[in-house]
Amino acid sequence: MVKKLLVVLALAIAGLVAHDYSRRISEADIRTHYREQIDALHAFDSEAICATMAEDFRLDDVQHATGEAHPSTLDRAAACRQMEDAIALLRMLSNRTGGMLAIEFAYEITRVEISPDGRRALVEATSTAKIGGRLLSRSRSKDSLSRSLWRVRSHGGESQTWNYGG
């Protein structure tokens, strides 16, 4: 009886430790998340990108083009629709050119601030999109990330994008 109680107690402690660890975010988790986002873009996988957006996702975005600023606020559904449309356009361009036309995406994480409890992170990053070495857009973003059950979730944040028109 004591043996069974000790086994149950050990399993309960292991479960609590695993659950707690699964919710802590590290800089390595953040870097992996960003790399997976770029991989999903290259694979035209909008579902994978949308799957990382938390239910409370909200993005305050400003698009700069032709000398004008166009602010918008996107919730999860609107951000996913916008991502699906962008991925569809990228896929169409690739298909029509036999894969010869590819947009090169790159990012640089410029700052990571992990909360004292290790549950959330504020990430500042710069990303670019180029075609044939020519800059199409540059974005600066501040993202709020968390980790739950070993999966990184984006809660949105702020971004500004400058579009150069190719």
Does one hydrophobic cluster hold both I131 and F44, with members joined at side-chain heavy-atom distances below 4.5 Å?
-> yes
Straight-line distance of T66 OG1 to E68 CD, nearest 0.5 Å | 4.5 Å
With rounding to the nearest 0.5 Å, note down the distance linking NZ in K130 to CG in L136.
-> 10.0 Å
Specify the closest pair of heavy atoms between S159 and D61, including all atoms of both residues, with the distance to one decimal.
-> OG-OD1, 2.5 Å
Which side-chain N or O atoms in residues 137-145 pair as donor and acceptor under 3.5 Å with protein atoms at least two apart or in another chain?
| unit_1 | atom_1 | unit_2 | atom_2 | d |
| --- | --- | --- | --- | --- |
| S139 | OG | T161 | OG1 | 2.7 |
| D143 | OD2 | Y34 | OH | 2.5 |
| S144 | OG | R120 | NH1 | 3.1 |

Do L89 and I103 belong to the same hydrophobic cluster, where Ile, Leu, Val, Met, Phe, Trp and Tyr are linked whenever their side-chain heavy atoms lie under 4.5 Å apart, directly or via other members?
-> yes
Partner set under side chain to side chain donor-acceptor pair (under 3.5 Å) for E158, not counting sequence neighbours | none
Identify, with sequence neighbours excluded, every residue that meets salt bridge (Lys or Arg N to Asp or Glu O under 4.0 Å) alongside R81.
-> none
S94 (side chain) donor-acceptor with L90 (main chain) under 3.5 angstrom = no
Separation of S46 OG from L41 CG (nearest 0.5 Å) | 9.5 Å
Only pairs at least two apart or in different chains count here, so list each side-chain hydrogen bond (donor to acceptor under 3.5 Å, both in side chains) that has a residue in residues 101-117.
-> R111-E113, R111-E124, S115-D117
Could you give me the CA-CA distance, side-chain angles and deciding distance for H155 and S146, then say whether side chain to side chain donor-acceptor pair (under 3.5 Å) is met?
-> CA-CA 8 Å; H155 298 273; S146 68; 2.6 Å; yes
Supply the atom-to-atom distance R58 CZ to L74 CG, rounded to the nearest 0.5 angstrom.
-> 9.5 Å
d(Q82 CD, I87 CD1) to nearest 0.5 Å is 11.5 Å
Closest approach of R147 to R24 (non-hydrogen atoms, all atoms of both residues) = NH1-O, 2.6 Å
Would you check if there is a donor-acceptor pair between the side chains of D29 and S26 at a distance under 3.5 Å?
-> yes
State plainly whether one hydrophobic cluster holds both L122 and L59, where clusters connect Ile, Leu, Val, Met, Phe, Trp and Tyr through side-chain heavy atoms under 4.5 angstrom apart.
-> no
Sorted by first residue and then second, give each salt bridge (Lys or Arg N to Asp or Glu O under 4.0 Å) pair with at least one member in residues 33-46; sequence neighbours left out.
-> none
Taking only residues two or more places apart in sequence, or in another chain, which ones meet R153 in a salt bridge (Lys or Arg N to Asp or Glu O under 4.0 Å)?
-> none
Check against side chain to side chain contact (heavy atoms under 4.5 Å, CB included), H70 and V62 = CA-CA 5 Å; H70 305 278; V62 178; over 6 Å; no
Point-to-point distance, once rounded to the nearest 0.5 Å, from CZ of R119 to OG of S148 | 9.5 Å
Is there a side-chain contact between S127 and F105, using heavy atoms and a 4.5 Å cut-off?
-> no
Side chain to side chain contact (heavy atoms under 4.5 Å, CB included) between I30 and V152: does it pass, once the steps are laid out?
-> CA-CA 8 Å; I30 293 163; V152 173; 5.9 Å; no
